[in-house]
Structure formats: C-alpha cells, structure tokens
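The structure appears below as structure tokens.
Counting starts at 1 for both ligands and their atoms, following the listed order. All values below were derived from every heavy atom in this structure, side-chain atoms included, with hydrogens, water molecules and symmetry-related copies excluded.
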Amino acid sequence: MVNKLKKLPQAFKDILKVASKQASSLGFKIYLVGGVTRDLILGKATFDLDIVVEGDATVLAAKLAQRRGLNFRRHHAFGTAAVYVGEHKIDFATARSEYYPHWGSLPKVAPAQLKEDLFRRDFTINAMAIGLNKADYGKLIDFYGGVADLKKGLIRVLHKESFLEDPTRILRAVRFKQRFSFKIDRDTDKLMRQALKLEALTFLHPHRLSDELILILKEEETYLYIKRLYELTQLSFLKKKMKMDEKDFALLRRIDKAVSFYKRKFKKGKRCESWLIYLGGMVIRLSLEEILNFFRRFGLKKVDIIRVLSMKENLHKIKRLNKKLLPHSIYQLLQPLSIESILFFYAYYPQKKIRDNIEYYLRELAHIRLKVKGEDLKKIDLKPYDLYSRLLQRLLYAKIDKGLKTKRQEIKEAKAIYRRLVRRQPRLL
Ligand code: ATP
C-alpha cells in the first residue's frame, strides 16, 4: 500500500506524526478527511488539512499546539479547533453524524465513528479518509467508492435525500464538476433536478447561500462556472425570471481576462476581491431596485453591496475616459473607486481609449500621494488654514500633471497656487 501522505509538505508530515502519537496516548483515533484526501489521490498540492477525531478534537488540537508552539483557536459551539502552521491551518473536528430537522436548515449533530462522519459528506469523492494511526498510517479508507468515482470522473451523492437536506450541495456539485471536468452521475443528476424543481435552494438561509456562491465566484475561469450554474438553475433562487444571454457571458469572459491582466501586470498592486467583479457582471443589467432585491436573497455584507452598487452608479461617468484627458482628470475619475470597480469598467468597456486610460492610471497614477502636509504649509506661514483643503487638492493635481517628484518642488508649487488663489479672491485673506 502506497503511503498516501507522501505528497504532503515535510512540515505537515512532521506535525501529523506528533498528532498521531498524541491521539494514541489519549486513546483517540484520527484521520485526514475530505477535500485533502481527494487532492492527495489526484496528486495535487494541498495546504489546509481537515482531521477527524474519534475522541475530543479540541483536547487533541490544544495539546498539539502546546507541544509545537503553534497558534490555536477553539470553537466551543461546534466542538472544533484549528491549529495554524504559518499561513496554513489544520482543522480538527470530532467525528459526528448529522440529522436535519428541516431541509436546508443547519443539522443537529451527535458524536460518531469515522464511517458515519464520512456518510454525512457531500459526494463520494469528498468522503474518503487517510488513516493517521499506528495500525493504518497513510492508508486510504474508502467506504463509499470514492476512488472508483475519482477514476471515472463522477460526482455522486451518498444518499437520496442529500440535495434536499443541504441544497448548497447543488452549488458544490457545479463547482467540482467544472473544476475537475467531471460528470455528474446519472442518478445524482436526477436527484439534483428533483431538488431544483422543489426550489430547494430557496430554503437556504441567505448567508449559507452566499458562502457557497462566493466559493464558486472564487474559482479560476469563473465565467464558465456562472454559465453552468445559469444553465442548470437560471439563477431563479436569486431572482425570478433572471435573464442572462450571450452578452452577459461575453462580459463575464472579459472580466476573467481583466482579472488575469491585473494579476499578471500589477503583482504589487492593491489586493483585488475578484469575485465581486463577477457579481457586478451578473447584475449590471438589472435596475438598482432589482439589484438590491437580488442581494437580499444573496446575503451579501453591506460593504460588498456598496462596492457592487458603485459599479452600477458610475457606469456612465466612466465614458468620460473615452478621450484624451489630462492625467489629473483620469485620477479624479478613478481614484475614488475600488480596484474591483476599476477592473469591472476595464472589462465592461471595449473602447481602447477607455482601457488605455485605466491602464495608465493603474500603472502611473494610482499610487501618487502628496509629500507635503498641512503642517508644512503652516510652517511656511500660508494663511488662512481653511484654504488648505482646496490648496492641497490643487497641489495634488499639479503634481500629477507636472510629474513633481520632491517635497521642495511641491512647496514651490504650493506657494504658486496660493498666490493664484488669493489673487483671484483677495477676500480670502
Ligand atoms: P476545496 O478544494 O474547494 O477546498 P473541499 O472539498 O476541501 O473543497 P470544503 O468546503 O473545504 O471543501 O469542505 C471540506 C470537506 O467537508 C468536503 O470535502 C466535504 O467532505 C465536507 N463538506 C463541505 N461542505 C459540505 C456540505 N455542504 N455537505 C456535506 N459535506 C460537506
């Protein structure tokens, strides 16, 4: 039997050995489970680990963290804990079975053995484990035919009620199917369509829906995922009679390109939450009121709603970039916007002039800040102080247009602007 843990980074292997010994001394059994097992079998690099414990997961995780000097967080309510290894984490959960009081609700849980814990999972390919105990270290445990389905490229649920109990699995099926270019097993597909007919996705709490949808929007080549999801559901769980056509999909594809352009060319640029740009692409043709309704169902956070709404609100203003402009005018238009909105417009408008102006802004202007502060103006005795905000703004625009580099150049320019301001309006003095 090949040791399935071979592909893990050495640091993880060392930690798992320690965890294994500690579990044994506590009389617990532990297993690596879920997506990590799947990815190890597929030969993919994987860095966040999920461990199931037959025993108290929080006790084991605390002991391990203490022994290795690692950060540790416990979630009492769920009986789970996480141990942090650099940027990565190892999640520990007590093996449990689940029971759903209503379809779409959160499940009631009870401690259980590994086999039941794996049975509550979404698909066979995510329901395998690797033993981490002396007797089964590195050995694959596959009760439900996960390996066979991985080989055949099939997404298959473990039981008939699966999609009704937890309709987020419909979204997960689309995600894994697209990510691995798998097929959905025939019976599973039937069950999924039955659940959709019963409008199962509308049973879900908006936050559970958004968590799972955001995962879709964070996949590579996102537009394909949205297209698949639309083909399957028409997104009717977010908006009745939602209409998307080739024009929308073309925009989503251009967003894919805009996001990779930004990642490629602006490696040190602002962090971009690209999933918000796709969301903008999905709703841009709706009215403001429709967008707000859409987001009520989606369960999006207020800050994120504001970011998407700003795409709609600034859509027409951005057309002004379709001509030659002074650098400060480009700055004035784009600086108040989030990087997500800017990239949205880059994708939305095919006009070369608009795109060139946006690229120029990102490359040359976005980082420009004044070196001079109000304090510096006080030192050179420019009065009155309530002139400063206007003065500083003009100074910033002059810096942008004239390419001023040093603080001395800025002070000189500030004096010139000041003289012009008071000459034009002497009563300011
Ligand atoms: P990814 O590679 O995208 O991280 P993953 O399979 O690791 O995918 P997670 O959302 O991290 O997915 O979940 C970890 C594991 O928990 C899954 O592999 C699956 O076994 C289980 N799981 C997650 N969500 C569900 C669900 N809705 N229903 C049943 N089991 C689930």
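- Neither the backbone nor the side chain of F180 comes within contact range of ligand 1; no heavy atom lies under 4.0 Å.
- When the heavy-atom distances from atom 23 (C) of ligand 1 to K218, R172, E165 are ranked, the shortest goes to R172.
- Defined by atom type and a distance below 3.5 Å, a donor-acceptor pair is missing between the side-chain atoms of N126 and R121.
- Residue contacts with ligand 1 do not include F123, since none of its heavy atoms lies under 4.0 Å from the ligand.
- Protein heavy atoms are absent from the 4.0 Å sphere centred on atom 4 (O) of ligand 1.
- Of the candidates R169, E212, R121, R175, it is R121 that places a heavy atom closest to atom 21 (C) of ligand 1.
- No side-chain donor from either of Y225 and Q178 sits under 3.5 Å from a side-chain acceptor of the other.
- Atom CZ of R363 has more than 12 neighbouring heavy atoms from other residues, nucleotides or ligands inside a 6.0 Å radius.
- Taking all atoms of both residues into account, the shortest heavy-atom contact from D248 to K243 is OD2-O, 4.1 Å.
- Of the protein's heavy atoms, at least one falls inside 4.0 Å of atom 28 (N) of ligand 1.
- Annotation: atom 14 (C) of ligand 1 to nearest protein heavy atom, D50 OD2, 3.6 Å.
- Note: F176 and F123 have perpendicular aromatic rings, judged against thresholds of 30 and 60 degrees for the angle between ring planes.
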